[in-house]
Amino acid sequence: MSMKLKGRPIMQQKPKGTYDLLPNETIKYQALENHIKKLMELYGYAEIRTPIFEHSSVFHRKTELSDMVTKETYNFKDKGDRDLTLRPEGTAGAIRAYVENKLFANQGLTKLYYLGPNFRYERPQKGRFRQFYQFGIEAVGIKSSSLDAEVIALSYKLIASLGLKQVKIKVNSLGDIASRSHYKDALTLYFEGHRSELCSDCQRRITENPIRILDCKIDSHKPFVKEAATPSDYYSEEAKKYFSEVLSYLDSMGINYEVDKRLVRGLDYYGHTVFEVEANIKGFGAQNVLGGGGHYEHLVQELGGPDLDGVGIAFGMERLMMALECENIQLHEDVKPDFFIITFDKKIHQKALGLLTKLRDLGFKGDIDHESKGFKGQLKLAVNSKAKYFIIIGEEEIEQGLFTLKDSFTQEQEKVTLETLIKKLGK
Ligand code: AMP
């Protein structure tokens, strides 16, 4: 029974900062995801899937003062009055799961990867969305300069295996806790002298966490911020040694990188090695960081686990896709269907469905008209489907036990038995 709608329904639109992936684009993402999954197998990482929302406390931790966590999260209460947050990034949830499921009991290293949507209330622009997909890895449970280097090498391998050329890897070290503490003190002192020139958030950060001033969206471009000291000015001997080990491992693995002394990354759980993968492709836009990550020292403990280190990196899938498109790299194959069945008569439809099922069971891709269209209409569908072969069935064919097989490219057609038809489709 049809129901009359009062007035004209309004066409609904997707929320700002989100996008629809139509099938011709989804196919590209699937190819990228498959590429990534193969690489993960090669490097021994296993997939973890965590909820897209967590208790807010997983992200909103005392020590995390980044803009992303303090200003950009989607927070809500559920009907049970629980404070929940849509995940803005993958690491905190993955580590929460690592702790809750006691993966640390395996001892030693656990290598995880994830792929899924994240949510940040940011100002949308090219390459920046409110819902975006990240692929990321977490290598948790040990502290090792060799492992830090391996995660950077893996990022390099991802870029190289995708065929991306105009991309570089930037590396830096924030130093160990002692180094960071001296560095923070120095920055606090320095920024006190510029208090009135800082935005209100950064004025608060002067004592709470001055490193975040360096990547504040408002203040980071101001000359005095750019002239502030770098972490390397305060490295302890241990931090220096650790970082030089990372760099020498990278050299021995033949990884091209650049040390960027000003790289501090946007999250507060990092210590020691940090890195970014940056696209320098013409027309790419301002959001040119494809991926970023680093070593974290106390995140596992902060989320209720033992005091274990980890290292990880996350890539934005949309930005990887943009880079592939800018460099004209296609990962997916344009797969054409094998066949399209055309019938001369409605009565034959039943037989044709039998053939369709049989061919699909054998693994051939193909279709048929479901609207009882005439011959011309079916032919149009067949042509639009871009199928390699058109299989034409009429009364005559049924009587003789034969099918007319037309090669859509050469336009040649012949009458064949089912056996020959299957052989031909298989070629
Ligand atoms: P982050 O978690 O901020 O270190 O970001 C890691 C990567 O995720 C970035 O390098 C981007 O590729 C991607 N990313 C972060 N935020 C967004 C966003 N709002 N829209 C699209 N991609 C993003």
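Both counts, for ligands and for their atoms, begin at 1 and track the order of listing.
Within the 4.0 Å heavy-atom criterion, the part of Arg265 lying near ligand 1 is the side chain and not the backbone. Looking at Glu122 against ligand 1, only its side chain comes within 4.0 Å, counting heavy atoms. Neither the backbone nor the side chain of Glu276 has a heavy atom within less than 4.0 Å of ligand 1. When heavy-atom distances to ligand 1 are checked against a 4.0 Å cut-off, Val277 has no atom that comes that close, whether in backbone or side chain.
Considering Val289, Ile313, Asn118, Thr91 only, the shortest heavy-atom separation from atom 10 (O) of ligand 1 involves Val289. Of the options Tyr133, Phe119, Phe129, Tyr270, the smallest heavy-atom separation from atom 20 (N) of ligand 1 is shown by Phe129. Comparing Tyr121, Phe135, Phe132 against atom 18 (C) of ligand 1, the shortest heavy-atom distance belongs to Phe132. Here the shortest heavy-atom distance to atom 21 (C) of ligand 1, taken over Gly291, Gly316, Gly293, Gly127, belongs to Gly127.
Electrostatic pairing of Asp361 and Lys358 does not count as a salt bridge here, judged by no charged N lying under 4.0 Å from a carboxylate O. Electrostatic pairing of Glu54 and Arg87 does not count as a salt bridge here, judged by no charged N lying under 4.0 Å from a carboxylate O.
Cation-pi contact between Arg180 and Tyr234: absent, since separation from the ring centre below 6.0 Å together with deviation from the ring axis within 45° is not met.
Between the side chains of Ser372 and His349, no donor-acceptor pair of N or O atoms lies under 3.5 Å. For the residue pair Ser56 / Asn75, no side-chain donor-acceptor distance below 3.5 Å is found, with atom types taken as modelled. Side chains of Ser145 and Asp148: a donor-acceptor N/O pair is absent below 3.5 angstrom, by distance only.
Taking any N or O of Glu318, backbone or side chain, none lies under 3.5 Å from an N or O belonging to ligand 1. For a threshold of 3.5 Å applied to N or O pairs, the pair formed by Leu290 and ligand 1 contains at least one separation below that value. For the pair Glu89 and ligand 1, the shortest N or O to N or O distance does not fall below 3.5 Å.
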Donor-acceptor pairs under 3.5 angstrom involving side-chain atoms of residues 132-139: please list them, not counting sequence neighbours.
| from | atom 1 | to | atom 2 | distance (Å) |
| --- | --- | --- | --- | --- |
| Gln134 | OE1 | Asn118 | ND2 | 3.0 |
| Glu138 | OE1 | Tyr296 | OH | 2.6 |
| Glu138 | OE2 | Thr91 | OG1 | 2.7 |

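Here the side chains of Asn256 and Ile169 are not in contact, with every heavy-atom distance at 4.5 Å or above.
The ligand atoms of ligand 1 that sit less than 4.0 angstrom from a heavy atom of Gln134 are 2 (O), 5 (O), 6 (C), 7 (C), 8 (O). Taking every non-hydrogen atom of Ala314 and a distance limit under 4.0 Å, the qualifying atoms of ligand 1 come out as 6 (C), 7 (C).
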Evaluation steps, salt bridge (Lys or Arg N to Asp or Glu O under 4.0 Å), between Glu237 and Lys241: CA-CA 6 Å; Glu237 280 311 310; Lys241 182 168 166 280; over 6 Å; no

